[in-house]
Amino acid sequence: MTNPTDRVLSRAERQAMPVALDVAVEIAKHNGVCIRPVVLRRLDTHTGTTEDVNVPCGATMEAKCPPCAKRNRYLRMAQCREGWHLEAEPSITPDEPNEEQRWLVEFRADTQAQRDAAEQAGDDTTDLDAVLAGLDEEINAAGMRGNLLGRTAAKRNRSTRRRQDAPDLPKRVRQNTTLGRTFTGSDGATYRPSLFVTLTLPSYGKVRAGQGVPVDPDTYDYPRAARDALHFSKLVDRFVQNLRRVAGYDVQYFSSVEPQKRLAPHLHMAVRGTMPRAEIKAIAAATYHQVWWPSVDEVRFEGEHLPVWTERPEHAEPYPDGQDGDYLDPATGELLPTWREALDRLDADEDAEPLHVVRFGPQVDVQGVLSGTPDADQCIRYLSKYLTKSLGDTLDADNPAQRAHTARMTEALRYEPCSPACPNWLRYGVQPKNAKADMAPGRCRGKAHKPEHLGYAGRRVLVSRKWSNKTLSEHKRDRRTWVMEALGLADEVPDPHRYVWKPVPAGDDNIPSLALRLLRMVAERQRWRATLLALEARATGQDLSAVREAA
Ligand SMILES: [Zn+2]
Ligand SMILES: [Zn+2]
């Protein structure tokens, strides 16, 4: 069968004519090829040769292009399916850092060096910062916990009065298992029921059905909606803790955070094992998270009246809080409390209230699901439905009411502190954690403030450690191994020390245009696909649907 894109491609390559980038992008998308590949220079330490390699953006960046996002979605679906109705206890052993982790860590180090050099040279570091943030996320996803900066904040000892008290829920003795109960039906068959749970945030005001826009924007509680979105991931953590306490076993889950039309995040969760519906509802109702941050009730600095940075004297040792300066009140010269001092004051204040308390709304949906049923497949598709979109992407951009709703939500987030390090703390008279020069309220670069994230800056997929017995990169490798076996090729584990990867300096003349790079990647993909299809044609009675999917 002739693919119309083949002709365009071969002609373009043969004549080496400049191809319009938008045409190349369309061809790449049509072929499921990454449209924002990152060029990395790979030194082969065995042969001493270097080669520039196009790495799909999905492998390094957090914001994935549409083809990478789609591939990622299939991978997540496989991961979700594999763990949900597991029949045997997963064996979890702490892994040696694998090849991918090592590669990511080295690549991160190189990127950090590049970023620091750019900063020294006075260049814009926004893009490199985004790559670094994406890499941190990938490294965590690859199975390493914590991040490379070793930020392990000492836990604060809150007074007993303020401790996050256990909700008033039954507590069962914890069995040492991650598997749910099974039931034997009247036909003697074994059933392994699990749960599909949907949790939603409370109402902030009436919204129009189907559109999600407030009926009355003036009374819609945007500040609350903003804070709930900012702290949603903590609420989810609390829910899981409570779930495990009540269930009496080591409950495992695969969940995704998705946007609702009204722009609030909500959570779909596949839970392994089953519990009474009423119990799940009781747990959701009793779950809350208190945000013990300094108060933001009083705006102390705004407009031209902003805190001023002053350097600390030279010091032999680095300052314990990592700051080499402080912000002070421009009128009085008084130093603003550092983040640590502000928290100490909060601890000492018997009457202090949390800045915010976040809870779920009354809408809790619990569905029982049996393994291998169409229902289970439906839920898995549902869980990954929005993975290719950001929170703010779900709106119809042509609808003025929805655009206005997004704008008001973004405005509500503008001065809301998104983290201890958020420059917005200056507005309320507190120095952000690890404060440095040139911070200004309203100019935080944190993901949470951006219209595409709308307050929720956390991971979109949350998977418990003993879900499927594998990390995402192991799932990736599974697919590859499967295809290689089907092709009758050996899938050797490469020597992890063979290659050294480096980012290619910006403006390197040896890099072909993006259009040309995309077409080359398409050509590679088509060769690969042709091989797979030929193989499929030869195979009889063998299920090669996974091969087709991989192609
Ligand atoms: Zn991509
Ligand atoms: Zn911020």
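Whatever order the structure lists ligands and atoms in, that order sets their numbers, starting from 1.
Expressed to the nearest 10°, the angle at the Zn ion (ligand 2) joining SG in Cys418 with SG in Cys422 is 120°.
Residue-and-atom listing of protein N/O/S atoms under 2.8 Å from the Zn ion (ligand 1), sorted by chain and number: Cys34 SG, Cys57 SG, Cys65 SG, Cys68 SG.
The two residues Tyr327 and Met439 make their nearest non-hydrogen contact at OH-N, 2.9 Å.
No side-chain heavy atom of Thr50 sits under 4.5 Å from any side-chain heavy atom of Asp44. Looking at heavy atoms from C-beta onward, Arg262 lies in side-chain contact with Tyr204 at the 4.5 angstrom threshold.
Donor-acceptor pairing under 3.5 Å is recorded for the side chains of Ser384 and Arg73. Judged purely by distance below 3.5 Å, without hydrogens or angles, the side chains of Asn54 and Arg517 pair a donor atom with an acceptor atom.
The Zn ion (ligand 2) sits nearest to atom NE2 when only the N, O or S atoms of His449 are considered.
To the nearest 0.5 Å, atom SG of residue Cys34 and atom CZ of residue Arg525 are 9.5 Å apart.
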* Check the pair Asn434 / Gln323 against side-chain hydrogen bond (donor to acceptor under 3.5 Å, both in side chains), numbers first and verdict last. => CA-CA 5 Å; Asn434 304 319; Gln323 290 183 210; over 6 Å; no

